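From a predicted model like this one, the values you see are computed outputs, not experimental measurements.
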Amino acid sequence: MIEKNSFLKNILKITSIILIVLQFSCAQNKNRETIIVASAGKIESLDPAQANTLRTLQLLSALGDTLYKINNEGNLYPVLAKDLPTVSSDGLLLDIRLKENISFHDGSIFDANAMKFSLDRFMKIGTLNYLLNDKIEDVEAKEKFVLRIKLKKPSSSIKSLLTSVNLTPISPDSYSNYKEKFNNNNFIGTGPYTLKSFTSNQQSIKPFDNYWGKKPLNKGIEYINFTNSSTLFNAIRTKEVDVLISNSIDDMQRVALNNMAKKGLLNLGEGDPIEIGFITLKSNTFPLENKKIRQALSYTIDRNLISQQVSFGTREPIRSIVPPQLYKKEFSPWSSYNPDIARKLLKGEGYCERNILSIPLTFRSNIPADKLLALTWKDQIKRDLSDCLHITLNGLESTTVYKQLSEGAFEAVILDWTAAYPDPEAYLTPLLSCTDIKKSFCLEGESVFSGSFWADQKVQELLEKSEQLEGQIRLDTLKEVEELAAEGSSYLPIWLVKPKAWSLKDISQPKFSGDGLITIKTLERL
């Protein structure tokens with residue numbers, strides 16, 4: 001009897017909690033002044049020198065500003081800078097005039113010394129500090145509101161790099177004790193919002209009263225983290241949240257949300273695609289050290305079928321490792337699907353019939369699209385090339401995959417990449433650059449960390465050459481880099497993912513900037 005009463009009490013407790021939550025959600029939806037934005041993934045650190053997830057960058061973009069941004073037409077425009085950089089005749093000095101009368105959230109003044117402090121700190125402790133250290137020799141405050149950047153060699157990509165949210169300036173006063181360590185739980189910048197509260201699962205921001213630019217159209221944002229796709233989907237469907245960001249939403253639920261938007265039940269906003277999905281092939285050991293075999297595999301990918309089977313067409317097929325808008329036109333240097341050519345190449349290397357090539361494919365087990373891609377490709381190979389090729393599957397948690405990539409643990413592995421700033425170089429260099437080449441193998445460089453270990457001396461020369469070029473001739477040079485990479489076939493590009501966000505009908509349509517992040521301050525209650 002005691003157990004029964006205890007059980008009933010627990011049921012009543014749980015029921016009461018559910019009712020309170022439901023009542024709170026309903027009341028909040030009717031009366032709340034702030035806007036609730038939901039997405040997946042915890043925020044472990046608010047330090048821009050450490051930020052590397054979409055959710056963190058999205059939050060920091062509301063709390064901080066950058067020197068420049070890139071608009072949807074792909075052009076650079078000043079934000080904290082007063083105008084575009086002045087470049088010396090030898091291409092080694094960049095002078096950047098800064099806007100005046102801008103203050104940090106702690107009341108201190110933004111000037112050239114503050115920007116120098118932020119860049120120096122990033123170059124010293126930033127997790128992506130190679131982005132600057134490979135390019136910058138020194139940073140100085142030439143005048144109170146003039147920043148001078150001295151380059152190691154001419155670099156056309158440095159201007160785009162200065163749009164990265166990782167380089168948003170922070171207050172030297174508030175970070176005086178964090179010159180050589182991360183400040184994980186706070187952020188003091190110049191942005192349109194200030195941080196009100198922070199936990200890894202929930203963050204609250206409010207408009208900065210002394211913001212120098214256009215004021216936010218809302219009274220504050222509450223960011224909420226949910227752990228899985230179904231919870232995210234139900235949260236927007238039941239109006240518990242106002243805005244849902246598409247990261248980590250299963251493709252079937254993306255389709256359902258898109259259909260709700262078509263029926264007028266939600267608003268849909270989307271940006272240019274910035275995330276690419278691809279398969280990395282380890283090129284320094286048997287059998288994939290053989291370029292002919294890698295090229296054969298590049299003909300086995302039916303991207304249109306994969307797009308439909310995995311994402312119902314929401315992930316766009318791509319035959320490039322750079323999103324097309326960054327070249328300002330379509331460019332597809334990788335081979336298209338042709339199993340006959342694949343079979344011919346494999347036979348030429350002694351495979352097919354009695355000697356079937358077996359390739360182990362690793363996918364990230366916590367990412368549903370990876371598993372569906374792996375299964376689809378395996379079934380497609382079985383259908384088209386079972387007499388020549390066999391795919392075996394191995395699922396591992398994503399953190400394990402990332403830790404073991406540079407160790408050469410995977411013959412073939414499904415990955416994705418979103419660049420730190422919207423420029424072709426920001427996709428090509430992290431996948432292809434190599435500082436120590438032996439034959440066609442990379443011994444040291446970004447190609448090692450990507451797990452491909454492929455290198456080409458001509459690629460490195462062209463990447464360096466592109467840094468001294470501007471405009472269309474630069475883009476043509478980077479296209480030449482991609483053509484060589486496609487011939488090397490150490491990567492198999494699969495699809496593009498557009499950033500999307502859905503909002504309730506009483507919230508304005510989400511708008512995206514050129515870096516694939518929502519412009520939070522334009523969200524408003526209608």
J.: Write down the atom of Ile43, the atom of Arg55, and the distance for their closest heavy-atom approach.
T.: CG1-NH1, 3.6 Å
J.: Has the side chain of Gln380 got a donor or acceptor atom that lies under 3.5 Å from a matching backbone atom of Asp302?
T.: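 The answer is yes, because a donor-acceptor pair under 3.5 Å joins these two groups.
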J.: Ignoring hydrogens, what is the shortest heavy-atom contact between Gln404 and Leu396? Give both atom names and the distance.
T.: OE1-CD1, 4.4 Å
J.: Any donor and acceptor pair, going by atom type alone, linking the side chain of Arg343 with main-chain N or O of Asp384 inside 3.5 Å?
T.: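 A pair under 3.5 Å: yes.
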J.: Give a yes or no on whether Lys152 atom NZ has more than 12 heavy-atom contacts from other residues, nucleotides or ligands under 6.0 Å away.
T.: yes
J.: Give the intermediate values and the outcome of salt bridge (Lys or Arg N to Asp or Glu O under 4.0 Å) for residues Arg315 and Asp416.
T.: CA-CA 12 Å; Arg315 296 171 185 258; Asp416 55 56; over 6 Å; no
J.: Distance alone, cut at 3.5 Å: any donor-acceptor contact between the side chains of Ser447 and Ser452?
T.: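 Looking only at side-chain atoms, Ser452 and Ser447 do form a donor-acceptor pair, the distance falling under 3.5 Å.
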J.: For Tyr491, which residues count as a ring pair (Phe, Tyr, Trp, His ring centres under 6.0 Å) partner, sequence neighbours excluded?
T.: Phe278
J.: Regarding Ser335 and Gln295, do their side chains bring together a donor and an acceptor under 3.5 Å, going by distance alone?
T.: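 No, because no side-chain N or O of Ser335 sits under 3.5 Å from a partner of the opposite role on Gln295.
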J.: Verify the neighbour count for atom CD of Glu444: are there more than 12 heavy atoms of other residues, nucleotides or ligands below 6.0 Å?
T.: no
J.: Could you report the tightest heavy-atom contact between Ala141 and Lys116, atom names first, then the distance?
T.: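 Taking every non-hydrogen atom into account, N-CD, 4.0 Å.
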J.: Output, in order, the C-alpha distance, side-chain angles, deciding distance and verdict of salt bridge (Lys or Arg N to Asp or Glu O under 4.0 Å) for Lys159 and Glu470.
T.: CA-CA 11 Å; Lys159 298 173 187 176; Glu470 299 281 354; 3.6 Å; yes
J.: Begin from the C-alpha positions of Glu467 and Ser155 and carry the test side-chain hydrogen bond (donor to acceptor under 3.5 Å, both in side chains) through to its verdict.
T.: CA-CA 4 Å; Glu467 287 285 68; Ser155 171; 2.8 Å; yes
J.: Start with the C-alpha distance between Leu346 and Leu357, add both sets of side-chain angles, then the distance that settles side-chain contact (heavy atoms from CB on, under 4.5 Å), and finish with yes or no.
T.: CA-CA 8 Å; Leu346 289 171; Leu357 174 64; 4.0 Å; yes
J.: Going by atom type alone, with no hydrogens or angles, which donor-acceptor pairs under 3.5 Å involve a side-chain atom of residues 178-189 and a protein atom two or more places apart or on another chain?
T.:
{"unit_1": "Glu180", "atom_1": "OE2", "unit_2": "Lys124", "atom_2": "NZ", "d": "2.9"}
{"unit_1": "Asn184", "atom_1": "OD1", "unit_2": "Ser45", "atom_2": "OG", "d": "2.8"}

J.: Any side-chain donor paired with an acceptor under 3.5 Å for Thr429 and Glu425?
T.: yes
J.: Grab the two heavy atoms, one from Ser433 and one from Gln460, that are nearest each other, plus how far apart they are.
T.: CA-OE1, 3.4 Å
J.: Spell out, as yes or no, whether a donor-acceptor pair under 3.5 Å connects the side chain of Thr300 to the backbone of Ala296.
T.: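 No.
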J.: Looking at residues at least two apart in the chain, or sitting in another chain, which of them share a ring pair (Phe, Tyr, Trp, His ring centres under 6.0 Å) with Tyr68?
T.: none
J.: Looking at Ile96 and Ala81, what are the two nearest heavy atoms and their distance?
T.: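 Of all heavy-atom pairs spanning Ile96 and Ala81, the closest is CG2-CB, 3.8 Å.
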J.: Regarding Asp65 and Thr190, is there a side-chain donor-to-acceptor distance under 3.5 Å anywhere?
T.: yes
J.: Which atom names give the shortest non-hydrogen contact between Leu415 and Ser450, and what distance separates them?
T.: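 The answer is CD1-O, 3.9 Å.
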J.: Could you measure the distance from the CG atom of Leu119 to the CD1 atom of Ile149? Nearest 0.5 Å is fine.
T.: 6.0 Å
J.: Verify the distance criterion only: is there a donor paired with an acceptor across the side chains of Ser466 and Glu464 at less than 3.5 Å?
T.: no
J.: Might you confirm whether atom CZ of Phe449 has over 12 heavy atoms from other residues, nucleotides or ligands at distances under 6.0 Å?
T.: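 No - once you tally the heavy atoms of other residues, nucleotides and ligands closer than 6.0 Å, there are 12 at most.
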J.: For Gln50 and Thr127, does a side-chain donor sit closer than 3.5 Å to a side-chain acceptor?
T.: no
J.: Quickly, which of Lys371, Gln308, Gln309 forms a side-chain contact (heavy atoms from CB on, under 4.5 Å) with Thr376? Name it, please.
T.: Gln309
J.: Consider only side-chain N and O atoms of Ser157 and Ser160, and report whether a donor and an acceptor are under 3.5 Å apart.
T.: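 Note: Ser157 and Ser160 side chains miss the donor-acceptor criterion.
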J.: Could you tell me the separation between the CD atom of Glu461 and the CG atom of Asp456, rounded to the nearest 0.5 Å?
T.: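 So the CD of Glu461 and the CG of Asp456 are separated by 8.5 Å.
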J.: Let me see the working for Lys291 and Glu487 under salt bridge (Lys or Arg N to Asp or Glu O under 4.0 Å), right down to the final yes or no.
T.: CA-CA 8 Å; Lys291 185 170 76 171; Glu487 185 182 342; 3.4 Å; yes
J.: Checking side-chain polar atoms at under 3.5 Å, does Glu482 have a donor or acceptor matched by the opposite partner on Tyr327?
T.: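 Their side chains do contain a donor-acceptor pair, which is all the 3.5 Å distance test asks for.
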J.: Could you give me the CA-CA distance, side-chain angles and deciding distance for Ile301 and Tyr337, then say whether side-chain contact (heavy atoms from CB on, under 4.5 Å) is met?
T.: CA-CA 5 Å; Ile301 300 287; Tyr337 171 62; 5.9 Å; no
J.: Is there a salt bridge (Lys or Arg N to Asp or Glu O under 4.0 Å) between Lys498 and Asp272 once you walk through the steps?
T.: CA-CA 6 Å; Lys498 283 186 176 182; Asp272 287 328; over 6 Å; no
J.: Please lay out, stage by stage, how Ile356 and Tyr351 fare under the test side-chain contact (heavy atoms from CB on, under 4.5 Å).
T.: CA-CA 6 Å; Ile356 296 176; Tyr351 293 98; over 6 Å; no
J.: Taking NZ, NE, NH1 and NH2 as the nitrogens, is one of them in Lys500 or Glu270 under 4.0 Å from a carboxylate oxygen of the other?
T.: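 A salt bridge is present here (some side-chain N lies under 4.0 Å from a carboxylate O).
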